Undergrad: 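First the structure, which I've put down as structure tokens, then a few questions once you've had a look.
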Amino acid sequence: MLGQRLDIRQGQGLVITPQLQQAIKLLQLSSQELDAFIEAELERNPLLQREDAEPGGEIEAPAPTESHDAAEMSFDEGRVTDADRMLDARSDDVYGDASPGERTSDRMEDVGVGEAQVGLNDWSRAGSGGGLPDGEGREQPDSREMTLWEHLQAQASQAGFSSSDHAIALTLIDSVDEGGYLRGELAEIADRLGVPLERIEAVLTICHGFEPTGVMARSVPECLKLQLIERNRFDPAMDSLLANLDLLAKRDLTALRKACGVDAEDMAEMIAELKALTPRPGAGFGGEPAQTVIPDVHVRSDPAGGWKVELNTDTLPRLIMDKRYHGVVAAGSRSDVEKTFVADCAAQASWLVKSLDQRAKTILKVSSEIVRQQDAFLAFGVEFLRPLNLKTVADAISMHESTVSRVTSNKYISTPRGVFELKFFFTAAIQSSDGGATHSAEAVRHRIKAMIDSEARDGDVLSDDRIVEILKETGIDIARRTVAKYREALRIPSSVERKRMLKTG
């Protein structure tokens, strides 16, 4: 028989409060986005006001838990404002640095930076029913157009670069303007990264093969040249034409024909071909114009040795709750609606102040560990950029990977070698199957290429599965799909296609 009854059941569920949602959102905002958010909160909440930062009042990192051979970090405890002392220290675990049994971020390990809200709403329905109302605060899918820089970075990730060359490529991409032109001086970039100029030029040559054709050129003639080469229309006459674009601009066709050594008919065809090219290859991409990057963290050499890591106080909004004004409006509240509004404003102001403070500490904690891990790069150059992933940093500072991922999103660090996004320092590594030292991705790619190159000599075409077996026998633990990805990045056909090529060759 069907019937109704009441049961009491005990269970665990993750309740995502609006405050926790706000804290997670704050953590992944860039400095520009944070400024806009703060302005909106100041407009909405009458109890919030800015606190003028004291000159030189920089917040510094806590002392590291262990020293490093190449660079020992030196830090001091930062000052604590009166507003900080007012707040309950029990919310220190907002970003997941509590013990594993307590932190909510243990349930967030599969959530990426850009999909936090979707995951949060999903989890809230799985337990006690707490969470956000349907649709409230939910992030919409990212429907904006891909920017030129994102497009180039994606191609750089698939270009088969070594870790150091990939870092060089990202640095070059950061110097590309909205039109697609490379504006940085190669000699200056080489000096900053500690590599020969020839190395920078070699990486740039590969980047010149990226789409759209002509991108990352250093001048209009070079941009047009790259497009002509792709169309197989670059010859000595075209070379002369590109070298004399000033004559074309003056419409001095007589001098131009003489310089190119062609007749009037050929010249008309050459000019028509130039007009079919794109002088601004990056103009077709979406996104706002590039903004000046303001670093969130500064790294400088410590006179005592090692590196000193400091937050950029210019990007830190300092807010306090006006307690005096709170007392005045609370005493003047008459109706329940007024009292509720004042209480909500006070609670939101207190939580926001504490969340901003915790955000700053978390950014500094993650940045300090990244500097500790990559101190050889800062000291000696890009060749010494070591393999690093989110888990390594997260384990070292007792945080969850999702927290580190959010911290490193849209945050920049100023170093003696330039300004880099924090994600720049995370490079690929392949784990050893025997638990030993990791292998660089570039070394594994090189070994895969060497095995396939030997096929013509041995007459035995290796499948991706067989390559995985051989690598595991030598202590390299790698998945078949990773082998396929590296093979495709190296422009190597599949085993079926290679077998067909051997037979026809």
Side-chain angles (χ1 to χ4, degrees), residues 152-170 172-173 193-211 213 216 226 229-230 232 376-377 380-389 391-392 426-505:
L152 295 176
Q153 288 166 0
Q155 293 179 81
S157 298
Q158 299 296 325
F161 284 127
S162 65
S163 296
S164 54
D165 283 350
H166 184 239
I168 293 172
L170 293 180
L172 292 172
I173 291 170
L193 297 181
V195 295
L197 178 60
E198 294 77 14
R199 179 81 172 275
I200 302 292
E201 292 173 338
V203 173
L204 180 59
T205 299
I206 297 175
C207 292
H208 279 161
F210 291 173
E211 293 291 338
T213 306
M216 298 182 72
L226 293 171
I229 290 174
E230 184 192 46
N232 198 28
F377 161 75
F380 306 114
V382 72
E383 278 292 345
F384 295 86
L385 196 64
R386 62 176 293 186
L388 185 64
N389 56 35
K391 188 177 187 304
T392 301
F426 293 92
T427 59
I430 306 300
Q431 294 296 323
S432 172
S433 59
D434 57 5
T438 59
H439 305 270
S440 73
E442 173 60 18
V444 175
R445 278 194 292 264
H446 179 77
R447 186 169 298 190
I448 292 172
K449 186 176 186 302
M451 284 192 288
I452 294 176
D453 287 344
S454 66
E455 290 177 343
R457 183 182 66 250
D458 301 338
D460 182 20
V461 176
L462 301 173
S463 66
D464 291 345
D465 288 323
R466 179 54 185 155
I467 292 175
V468 168
E469 294 174 0
I470 295 174
L471 290 175
K472 285 187 176 180
E473 290 171 1
T474 60
I476 300 174
D477 189 8
I478 189 171
R480 187 198 61 79
R481 63 180 179 275
T482 305
V483 170
K485 182 181 72 172
Y486 287 172
R487 176 176 52 73
E488 291 168 359
L490 292 167
R491 309 291 194 272
I492 297 174
S494 67
S495 59
V496 175
E497 294 173 352
R498 298 199 309 274
K499 188 176 295 184
R500 186 182 302 118
M501 291 165 60
L502 282 177
K503 289 180 179 179
T504 58

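All figures in this text were calculated on a predicted structure; none of them were measured in a lab.
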Undergrad: Apply side chain to side chain contact (heavy atoms under 4.5 Å, CB included) to residues Leu471 and Met451 and explain how you reach the verdict.
TA: CA-CA 10 Å; Leu471 290 175; Met451 284 192 288; 3.9 Å; yes
Undergrad: Identify the heavy atoms of Met216 and Cys207 that sit nearest to each other, and give their distance.
TA: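 Looks like SD-CB, 3.6 Å.
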Undergrad: Where do Leu172 and Leu152 land on the side chain to side chain contact (heavy atoms under 4.5 Å, CB included) test, with the steps shown first?
TA: CA-CA 10 Å; Leu172 292 172; Leu152 295 176; over 6 Å; no
Undergrad: Given the rule in the side chain to side chain contact (heavy atoms under 4.5 Å, CB included) test, do Ile168 and Ile200 qualify, once you have shown the distances and angles that lead to the verdict?
TA: CA-CA 7 Å; Ile168 293 172; Ile200 302 292; 3.5 Å; yes
Undergrad: Would you find a donor on one side and an acceptor on the other, under 3.5 Å apart, between the side chain of Arg199 and the backbone of Gly194?
TA: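 Answer holds: no.
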Undergrad: With a 4.0 Å cut-off on N to O distance, would you call Glu469 and Arg466 a salt bridge?
TA: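 Salt bridge between Glu469 and Arg466, a charged N being under 4.0 Å from a carboxylate O: yes.
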Undergrad: Could you report the tightest heavy-atom contact between Arg498 and Val461, atom names first, then the distance?
TA: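 Scanning both residues, the minimum pair turns out to be NH2-CG1, 3.8 Å.
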Undergrad: Considering non-hydrogen atoms only, spot the tightest contact between Ala156 and His166 and give its length.
TA: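 Taking every non-hydrogen atom into account, O-CD2, 3.5 Å.
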Undergrad: What is the minimum heavy-atom distance between Ser495 and Leu462, and which atoms define it?
TA: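 So the minimum-distance heavy-atom pair works out to CB-O, 3.6 Å.
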Undergrad: Would you call Ser164 and Leu385 a side-chain contact if the rule is heavy atoms closer than 4.5 Å?
TA: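 With C-beta onward as the side chain, the pair stays apart.
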Undergrad: Evaluate the side-chain proximity of Ile478 to Ile467: yes if any heavy-atom separation is below 4.5 Å, no if none is.
TA: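 Side chain of Ile467 against side chain of Ile478, heavy atoms only: no contact under 4.5 Å found.
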Undergrad: Which heavy atom of Val382 sits nearest to which heavy atom of Ala167, and what is that distance?
TA: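 Scanning both residues completely, I find the closest heavy atoms to be CG2-CB, 3.4 Å.
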Undergrad: Say you draw a straight line from CD of Glu201 to NE2 of His208; how long is it, rounded to the nearest 0.5 Å?
TA: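 Answer rounded to 0.5 Å: 10.5 Å.
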Undergrad: Check whether Arg480 reaches the backbone of Asp465 with its side chain - one donor and one acceptor, N or O, closer than 3.5 Å.
TA: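 Side chain of Arg480 to backbone of Asp465, a donor-acceptor pair under 3.5 Å: no, none is there.
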Undergrad: Is Ile229 close to Thr213 at the side-chain level, that is, under 4.5 Å between some pair of heavy atoms?
TA: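 Side-chain contact under 4.5 Å: no.
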Undergrad: How long is the gap from CD1 on Ile448 to CG on Asp453, to the nearest 0.5 Å?
TA: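 Atom-to-atom, Ile448:CD1 and Asp453:CG are 12.0 Å apart.
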Undergrad: Would you confirm whether Gln155, through its side chain, and Glu211, through its main-chain N or O, come within 3.5 Å as a donor-acceptor pair?
TA: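 Checked: pair present.
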